[in-house]
2 protein chains.
Amino acid sequence: MNKQFVPHLTTALKGPLPMVESHLQERQAMIESWFRARWRGHKQPFYTSVDVRNAGYKIAPVDTNLFPAGFNNLNPAFQPLCIQAVQLAIEKMDLHVDRIMIIPESHTRNRFYLESVAALQEIIEKAGFEVRIGSMLPDLAEPMTIDLDSGRKLRLEPLQREQNRLHAGGFTPDLVILNNDLSGGRPAILEGEEQRLTPPPRMGWSDRLKSSHFTHYKTVAEEFAKHINMDPWLIDPLFRNCGEIDFMKKEGEACLQINTERLLRDIQKKYDEHEVKCKPFVMIKADSGTYGMGVLTVKNPDEIAALNRKQRTHMAKTKEGVKVTKVIIQEGVYTHETWGEQALVAEPVVYMIGHSVVGGFYRVHSTRSADENLNAPGMHFEPLAFDDCCISPEKHLAADARPNRFYAYGVIGRLAMLAASREMAGSAQATQKSEETV
Amino acid sequence: MNKQFVPHLTTALKGPLPMVESHLQERQAMIESWFRARWRGHKQPFYTSVDVRNAGYKIAPVDTNLFPAGFNNLNPAFQPLCIQAVQLAIEKMDLHVDRIMIIPESHTRNRFYLESVAALQEIIEKAGFEVRIGSMLPDLAEPMTIDLDSGRKLRLEPLQREQNRLHAGGFTPDLVILNNDLSGGRPAILEGEEQRLTPPPRMGWSDRLKSSHFTHYKTVAEEFAKHINMDPWLIDPLFRNCGEIDFMKKEGEACLQINTERLLRDIQKKYDEHEVKCKPFVMIKADSGTYGMGVLTVKNPDEIAALNRKQRTHMAKTKEGVKVTKVIIQEGVYTHETWGEQALVAEPVVYMIGHSVVGGFYRVHSTRSADENLNAPGMHFEPLAFDDCCISPEKHLAADARPNRFYAYGVIGRLAMLAASREMAGSAQATQKSEETV
């Protein structure tokens, strides 16, 4: 892949572009030192993918996935990096691990997702482990082998439990890797099992809140920005949240409207400060959930009251039909990276295994505009693998040269992952407390 | 680099070729499990390079370097792997490290070596550290910048010491990386300094013995071979050593002759057992030292008494003019990898950072034969970077396909590195004991 195959970053906007990249590029040693101190003695999620948006004046995470898919979209050239990162992430667990089970999502129709599971299995096998797939598909009585378009074969075996140990067809793993975000709730089969299960089910969308993640992210971004002397807003999307909401019954809308108005005002203030000439917008999303369901782009608070029935239905439910009762109102970050002659919108996704950045890819979208959500159900995107692994800048190149742009994405990805690791530590503490109370 | 650019492994020999590769390929999960258990709670050298020889019927290490050069010969495609490995090796030190000093060899004329130091500096800088070169060149009063053929610049600064802390031009490192094998002895400036210095000077050639390394390697190879059920000889070169020797005075030659005879007999026995139709030979090398000085190829014990004056002078001294008083007699392993139409002999060198294999290269030699030493002073070789990083086999490919051959080299490299780590632990114990005695 050569230079022309990398999305173009629009520079028509006013202001010192690409400010964030150059600021990070110049401070690499300080940044890496800061991260090293953060990793010491702290646990990181086994793997993380982070949806990033680059508006030119600002680079920020918009979603942090602790059960990432898309491993099939990564650049095969960096597979060795993934393999090494898996070896080291497992080594750090200080646990005797030879056999690993992956528990995937239960939808078998999404062939892109199945390719990702197969790619993940391959990486872990190449790292020197025995790997099986334990599926929670309710009607899977026998092992099932699926032939994938890539030529890979994926063998799903029914997940079983004997006393407190999970197994699949007699294969009892030392470590269970969860690749299911538990949007539909925490299944009983995983409760109180005694093998190491990572990430813990309490980090699934049945328990996790985006607002809690972004509260941690805000603190992380502030600490980091102070260390390298920049305005944290340049890497952090503002957000607000309300209490309970019922889109169908139109309950809680007044609060939503007020907070949207306030958030739009706050964004405008930052735009004025940084001389950004764009129109502010917010994204209203389900506070729990993924796959971009229940996401709304709003530029004017009045749009909320004016939602039609179809839009309300769309907002009311997330993946697996779970009702949306809480939302997060997040600053919309324009995607100013475009791809090809048609200037298709491209959104980067950064991947980490342990705390190592291992690359990423762009979601290239043919039908959406720069202010919309690119990770929506049924939305087709073309993956474009990063041709750089994001782990170090090139000092002698321009700030927006590929290695430097990708390094910036790697930094933002790690900041979001650090926020997730604090979220994880916080929820572990909460779980412990509630268990102590019992 | 495509398939035709990889050395050809001669298959004209009798016997099940390539037996070792297929045996390792089929047992990857067992092998990696075994290594994982070995790394737990044990320190590995910061970096290691291992000269390997592939005779088809046998793959064995012939030299293990704890102060490796040749980083400039590695495949740039695997630089990210090196960067990640450096980050993780330093993370494991559990030490606050931001500033690193490299102490290189003091010969400034060898431009290949200087390219290696510059490449090493680049890798460590890209891993997010500040790096300076502290030189022990006796006549270096001022910093000196050398322009290298690669376009890199190497800045040497005089190594200084203030009380017990090393520095160079006011730069005081948190960690000192030694890239000088101390063939000329341990310099006073390094004794009792209080920064972390790795590898420790006691692992330099002024203290280290090849025979001690290969004694550890023998144990490692036996444990490993037992685990995967193979004859350890297939990965271990036999060796013997004598007491003191003086080539110029012809002292100790009788012992050398007897041991050479016995070793040749032992090799023949193994050749018969494995139906190898080659003529056994031994390599007689200085027990301390590197750079292939003082190396002799012997097929008949009578050759020893018949050595002429030139040959004796050649054997009597190693690098930096140190007198050879001890030798190791090692089973010669034929190099049955050849390169190009002229069938030039090619010898693989595998690189590790911490316990991670990060690739390697071939020394391709135009003037030597399969039974000679390829790493000799003044000998020019063409480096040929591995196009594979050696970290995992490909199950669906043939045993001698590149990833599988390279995986085998990665396994042998790690076994030698494990032997070196035991050697290091043993010498630390010995140092502690002698200090206790004082």
Side-chain angles (χ1 to χ4, degrees), chain A residues 27-37 39-41 75 77-100 122-131 151 174 353-359 388-396 403 407 411, chain B residues 27-37 39-41 75 77-100 122-131 151 174 353-359 388-396 403 407 411:
Chain A
R27 286 159 186 81
Q28 189 216 358
M30 279 175 82
I31 291 170
E32 296 303 322
S33 168
W34 188 85
F35 275 123
R36 284 195 293 273
W39 308 146
R40 264 202 294 281
N75 195 329
F78 303 127
Q79 198 189 52
L81 206 59
C82 295
I83 293 169
Q84 185 177 266
V86 163
Q87 289 171 333
L88 292 151
I90 293 174
E91 179 176 335
K92 280 176 75 176
M93 289 182 185
D94 209 17
L95 183 76
H96 179 90
V97 178
D98 286 337
R99 282 178 304 248
I100 293 177
E122 183 178 309
I123 289 166
I124 303 176
E125 278 178 348
K126 285 192 169 179
F129 299 90
E130 255 191 278
V131 186
D174 306 309
I353 294 175
H355 65 61
S356 306
V357 181
V358 295
D388 186 284
C389 62
C390 316
I391 70 177
S392 65
E394 285 287 351
K395 285 178 192 170
H396 60 282
Y407 177 65
V411 170
Chain B
R27 286 158 186 82
Q28 188 216 358
M30 279 176 82
I31 292 169
E32 297 302 323
S33 168
W34 188 85
F35 275 124
R36 282 194 294 273
W39 308 145
R40 262 200 296 281
N75 194 329
F78 303 127
Q79 198 190 51
L81 205 60
C82 295
I83 293 169
Q84 193 182 61
V86 163
Q87 290 171 333
L88 292 152
I90 293 176
E91 179 176 334
K92 280 176 76 174
M93 289 182 183
D94 208 20
L95 185 75
H96 179 90
V97 178
D98 287 336
R99 281 179 305 250
I100 294 177
E122 183 178 308
I123 289 166
I124 303 176
E125 278 179 346
K126 285 193 170 179
F129 300 90
E130 256 190 279
V131 187
D174 307 309
I353 295 175
H355 65 61
S356 306
V357 181
V358 295
D388 186 284
C389 62
C390 316
I391 69 178
S392 64
E394 285 286 351
K395 285 178 193 170
H396 60 282
Y407 177 67
V411 170

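Each chain gets a letter, A, B and so on, in the order its sequence line appears, and its residues count up from 1.
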Report which part of [X] has an atom under 4.5 Å of a heavy atom belonging to chain A: side chain, backbone, both, or neither.
X: B:Gln87; value: side chain
X: B:Ile123; value: neither
X: B:Ala127; value: backbone

A side-chain contact here means heavy atoms from C-beta on lying under 4.5 Å apart; do [X] and [Y] qualify?
X: A:Lys92; Y: B:Glu91; result: yes
X: B:Gln84; Y: A:Val357; result: no
X: A:Leu88; Y: B:Ser356; result: yes

Among the listed options B:Cys389, B:Pro393, B:Ala77, B:Ala85, the residue most often paired with chain A at heavy-atom distances under 4.5 Å: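 Greatest number of close heavy-atom pairs with chain A: B:Ala85.
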message: Quick check on the interface: out of B:Ile31, B:Ile90, B:Val358, B:Val97, who has the most heavy-atom pairs with chain A under 4.5 Å?
response: B:Val97
If the threshold is 4.0 Å, N to carboxylate O, is there a salt bridge linking [X] and [Y]?
X: B:Glu122; Y: A:Lys395; result: no
X: B:Asp98; Y: A:Arg36; result: yes
X: A:Lys126; Y: B:Glu32; result: no

statement: Between B:Ile83 and A:Ser392, the two heavy atoms sitting closest are CD1-OG, 3.8 Å
Max heavy-atom pair count under 4.5 Å with chain B, selected residue of A:His355, A:Glu394, A:Met30: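 With the most close heavy-atom pairs to chain B, the winner is A:His355.
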